[in-house]
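In this text the structure is predicted, and so the values were computed from the model without any measurement. Numbers restart at 1 for each chain; the letters A, B, ... are given by sequence-line order, proteins then strands.
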Amino acid sequence: MIRDQIRQIVTEAIASAQLSGNLPQIEFPPVEIQRPNQPEHGDYSSNVALLVASAVRKATGERANPRQIAQAVAERIEPGELVGSVELAGPGFINVRLNDRWLQQSVLAIIEQGNDFGAIDKGVGQRWQVEYVSANPTGPLHYGGGRNAVLGDTLANLLEAAGYEVQREFYVNDGGTQIQLFIESLYVCYLQLCEEQDGLPQRNLEIPEGGYQGAYLHDYAKLVREQVGDRLAKLDRDDAIAELRQIGREIVVSDIKEELDELGVTFDRWFSEQSLYDEGLVDQLLEDLSGKGEVIKRDGAQWFLASKYPGNEKDEVVVRSNGLPTYFASDIAYHYDKFVRRNFDRVINVWAVDHQGHIPRMGAVMRALELDPDRLEILLYNLVKLIRDGQEVKMSKRSGDFLTVREVVEEVGPDAVRFMLLTTGPERNIDFDMSLAVQRRNENRVFYVQYGHARICSLLQRALQNGYQNPEEMPEDASEIVTLLTDPAELTLVRRMLEMEEQIELAVERLSPHNLTYYAEDLTKTFSVFYENCQVLHSEVPPQLARARLLLILAARTALSRVLRLMGMTAPEEM
RNA sequence: GCGCCAGUAGCUCAGUGGAUUAGAGCAUCGCCCUGCGGAGGCGAAGGUCGCAGGUUCGAGUCCUGCCUGGCGCGCCA
């Protein structure tokens with residue numbers, strides 16, 4: 001990364017100044033490189049002199065002049081291929097400006113890197129898992145789950161760009177009471193359908209208490225009947241339900257999968273909770289933990305002694321007194337599987353904020369399993385409020401039920417959904433204005449960015465029509481003609497593009513995929529300024545300069561399309 | 001009551017590895033437009049960064065207390 005190179009250069013300058021006696025032989029803190037707010041302060045800056053001066057004063061009581069220290073360091077930084085100039089500023093900042101020549105050549109580097117542009121090697125050799133959505137398989141996804149899907153998927157994209165080996169997983173809660181209720185409800189619907197359609201005697205069964213009754217159940221029931229006819233309706237209830245379990249699970253899971261597909265969200269693995277019971281892992285772990293005194297019997301139930309661990313006030317039931325395990329029991333087994341069997345270096349679970357109380361308990365589980373709790377990270381996100389025509393929307397007009405992810409995607413399109421759900425930090429509430437998201441004007445940030453990309457494409461297209469050489473064919477004299485890019489608008493555009501790797505690093509470190517939306521807008525804005533200031537296909541523009549600008553534009557397309565794809569959006573060539 | 005999160009411009013929000021003059025979009029006002037898609041661009045105005053203390057040479061950012069709002073505190077998931 002460029003910033004690492006700058007850091008290296010500054011660090012070496014310190015060592016060199018110390019060797020020559022211009023700096024005291026004290027230990028310097030690790031050099032931090034920042035991005036100044038003001039462009040006049042250069043591309044990068046370091047406050048290392050301020051830190052050292054303050055450290056000296058604390059250690060010796062003597063006053064040290066940070067400007068003098070900065071001066072000694074700055075003197076030792078020779079402008080070169082990468083660094084254009086170095087300046088002292090303010091109380092003792094070392095401001096570094098990139099070499100114009102280097103910026104110009106970067107245009108070609110960006111084009112060459114293409115779809116890998118911005119990739120960094122931060123995570124090379126590490127296997128991470130992102131578990132997201134993991135909604136109960138009892139029906140279509142509630143619109144709020146869309147945020148989970150977008151956050152998880154985008155984060156996974158970012159991690160891949162940062163060099164991590166990433167596994168995307170959906171945990172299917174097909175082992176608990178909810179799916180049981182769902183299957184029983186589905187059974188009733190199916191039975192009623194068969195009674196109507198096949199003239200079977202009425203049994204007048206009702207949806208069980210706490211069961212599901214959404215309109216979608218009838219669609220599912222139809223699918224069941226298409227698959228097996230009225231055969232299950234003729235069986236005993238228990239036998240029918242046992243068989244329906246598999247069929248119903250398949251139907252709902254494939255429905256959810258399809259729904260997420262429409263949003264561009266995919267998974268490497270759909271992990272079955274039930275499988276943890278089937279293979280006996282849940283029982284085995286409860287036994288192990290009992291043996292270690294982490295799980296005890298009390299009041300007829302089995303408890304995990306979470307309160308032994310920091311942040312936990314209460315213990316958790318893992319097996320109820322009626323003998324049925326709670327979801328928490330399988331969660332222990334699930335995380336054992338993730339960390340011990342599959343040995344992920346780190347796992348990120350994406351959870352809605354109403355699950356926050358579960359976080360300390362999982363920390364306790366990690367410790368009880370003698371695992372480093374830092375290997376498990378939770379990305380919490382807040383709720384989504386949907387707005388249409390200035391009014392909050394909760395219900396589906398079509399079904400009268402809750403609004404689903406599918407309906408929102410159909411209404412505003414997957415790109416707008418993804419972008420809009422990434423416009424704020426995850427911990428904030430978000431008001432998603434669906435009316436705005438479909439408008440073709442600049443208030444709609446999605447369109448602003450995608451339009452920018454389309455305009456770039458159209459410009460490149462026009463260039464070909466006008467007989468210019470296709471910049472994708474990288475001209476022989478490319479590295480020569482890019483030196484004609486000297487306009488501030490041109491160089492600013494290059495600078496902005498080169499921020500990509502830092503944006504990726506930052507978003508990964510903070511688990512904050514929403515940084516991408518701001519970067520995408522920035523990039524688009526910077527392109528617009530260039531576009532406004534620098535003509536390309538115009539008779540007054542010298543042909544060589546036009547060719548150079550076409551290369552710059554191609555690089556801009558590369559960068560912008562890369563960000564859009566990281567966000568899981570399309571980069572349209574025309575709109 | 002306890003815990004977690006949020007409170008930054010009129011509105012919607014970035015910024016929270018302390019650091020050089022706190023940012024963007026929209027809305028408002030003014031300007032650029034006979035030049036590649038104006039679905040643009042430039043500029044102005046607009047802020048006690050919830051409040052009060054504290055740490056620091058330096059705090060929107062760290063610490064403490066408080067206020068407001070959301071969420072959580074089940075043998076639910």
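- Interatomic distance, A/R3 CZ to A/I33 CD1, rounded to the nearest 0.5 Å: 8.5 Å.
- Checking B/rA77, B/rC4, B/rC36 against the side-chain heavy atoms of A/Q356 singles out B/rC4 as nearest.
- Here, B/rA6 and B/rG46 have their C1' atoms 24 Å apart, quoted to the whole Å.
- Using a 4.0 Å heavy-atom distance criterion, A/A463 is classed as making no nucleic acid contact.
- The aromatic rings of A/W351 and A/H355 sit tilted, their planes meeting at an angle between 30° and 60°.
- Atoms CD (A/E32) and P (B/rU16) sit 13 Å apart, rounded to a whole Å.
- Side-chain atoms of A/E532 and base atoms of B/rG40 include a donor and an acceptor less than 3.5 Å apart.
- A/D433 and A/R388 are not joined by a salt bridge, as no carboxylate oxygen comes within less than 4.0 angstrom of a charged side-chain nitrogen.
- Using a 4.0 Å heavy-atom criterion, one finds that A/R361 contacts the bases of the nucleic acid, with or without backbone contacts as well.
- Here the straight-line distance linking atom OG1 of A/T492 with atom CZ of A/F527 works out to 14.0 Å at 0.5 Å rounding.
- Side-chain contact, A/E294 with A/Y309: a donor N or O sits under 3.5 Å from an acceptor N or O.
- Residue side chain A/H538 fails the stacking definition with respect to B/rC36, as its ring centre and the base's six-membered ring centre are not both under 5.5 angstrom apart and under 30 degrees in plane angle.
- Taking atom P in both B/rC33 and B/rG38, one finds a spacing of 15 Å when rounded to whole Å.
- Note on A/S321: a base of the nucleic acid sits closer than 4.0 angstrom, heavy atoms only.
- Base contact: A/Q535 has a heavy atom under 4.0 Å from a base atom.
- Taking the side chain of A/H514 as heavy atoms from C-beta on, and the options B/rG15, B/rU20, B/rA77, the nearest nucleotide is B/rG15.
- The nearest whole Å value for the distance from the CG atom in A/N47 to the P atom in B/rC57 is 15 Å.
- Between A/H142 and A/F402, the ring planes lie tilted relative to each other; the angle falls in the 30° to 60° range.
- Residue side chain A/E509 does not reach the base of B/rG17 through any donor-acceptor N/O pair under 3.5 Å, judged by distance alone.
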Going through the distances and angles, do A/D43 and A/R97 end up as a salt bridge (Lys or Arg N to Asp or Glu O under 4.0 Å)?
CA-CA 5 Å; A/D43 293 306; A/R97 201 174 300 272; 5.8 Å; no

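- Comparing B/rC75, B/rG17, B/rC42 by their closest approach to the side chain of A/R3 singles out B/rG17.
- For A/D354, counting side-chain heavy atoms from C-beta on, the closest listed nucleotide (B/rG40, B/rC71, B/rA19) is B/rC71.
- Rounded to a whole angstrom, the distance from the P atom of B/rC42 to that of B/rG69 is 41 Å.
- Side-chain atoms of A/R440 come within donor-acceptor range of the base of B/rA39, with a qualifying N/O pair under 3.5 Å.
- The base of B/rC13 has none of its N or O atoms less than 3.5 Å from a complementary donor or acceptor on the side chain of A/T424.
- For A/R428, a side-chain nitrogen or oxygen approaches OP1 or OP2 of B/rG7 to under 4.0 Å.
- Regarding contacts with the backbone of B/rA14, every side-chain N or O of A/R445 stays at 4.0 angstrom or more from both OP1 and OP2.
- With rounding to whole Å, A/Y44 atom OH is found 16 Å from B/rG17 atom C1'.
- Between A/L324 atom CG and B/rG74 atom P there is a gap of 20 Å when expressed in whole angstrom units.
- Distance A/E505 CD to B/rG17 P: 13 Å, rounded to the nearest Å.
- By the 30° and 60° cut-offs, the orientation of the rings of A/H358 relative to A/Y327 is tilted.
- Using a 4.0 Å heavy-atom distance criterion, A/Y327 is classed as a base contact.
- Residue contacts shown for A/L51 include a base, since a base heavy atom lies under 4.0 Å away.
- Using a 4.0 Å heavy-atom criterion, one finds that A/E316 contacts no nucleic acid atom at all.
- Remark: A/R549 is not in phosphate contact with B/rC36, judged by side-chain N or O atoms under 4.0 Å from OP1 or OP2.
- Residues A/T424 and A/R147 bring a donor and an acceptor atom of their side chains to less than 3.5 Å of each other.
- At whole-Å resolution of the value, CG in A/D431 and C1' in B/rG7 are 15 Å apart.
- The A/F93 side chain lies nearest to B/rA19 when the options are B/rG17, B/rA19, B/rC76.
- RNA chain B is contacted by both A/V317 and A/D522; A/D522 maps to the nucleotide lying nearer its 5′ end (nearest heavy atom per residue).
- Nucleotides B/rG30 and B/rU68 have their P atoms positioned 43 Å apart, rounded to a whole Å.
- Among B/rU20, B/rU16, B/rG40, the nucleotide with an atom closest to any side-chain atom of A/S528 is B/rG40.
- Across B/rC76, B/rU20, B/rA6, the shortest atom-to-atom separation from the side chain of A/N95 is found for B/rU20.
- Listed candidates were B/rA77, B/rC36, B/rC73. Nearest to the side chain of A/L459 is B/rC36.
- Remark: the A/S330 side chain and the A/E273 side chain contain an N/O donor-acceptor pair separated by less than 3.5 Å.
- Under 3.5 Å, the side chain of A/T423 and the base of B/rU12 form no donor-acceptor pair of N or O atoms.
- In this structure the side chain of A/V449 reaches within 4.5 angstrom of the side chain of A/F419, judged on heavy atoms.
- Nucleic acid contact class of A/V536 (heavy atoms, under 4.0 Å, all strands): base.
- A straight line from NZ of A/K525 to C1' of B/rG38 spans 14 Å, rounded to a whole angstrom.
- Dashed line: the shortest gap from a side-chain N or O of A/N466 to OP1 or OP2 of B/rC36 is not under 4.0 Å.
- Spacing between atom CG of A/N515 and atom C1' of B/rU16 amounts to 12 Å, rounded to whole angstrom units.
- In this structure, of B/rC36, B/rA77, B/rU20, it is B/rU20 that holds the atom nearest to the side chain of A/S45.
- Across all strands, A/G300 comes closer than 4.0 Å to no nucleic acid atom at all (heavy-atom distances).
- When base pairs are accepted only as Watson-Crick or G-U wobble with both N-N or N-O distances under 3.5 Å, RNA chain B takes part in stems of 3 or more pairs at B:1-7 with B:67-73, B:10-13 with B:23-26, B:28-32 with B:40-44, B:50-54 with B:62-66.
- Taking atom C1' on both B/rA52 and B/rG25, the two are 33 Å apart, rounded to the nearest angstrom.
- Residue-level contact check: A/S539 touches neither bases nor backbone, having no heavy atom under 4.0 Å from any strand.
- Comparing A/D299 and A/I33 by the nucleotide of RNA chain B that holds the closest heavy atom to each, the one mapping nearer the 5' end is A/I33.
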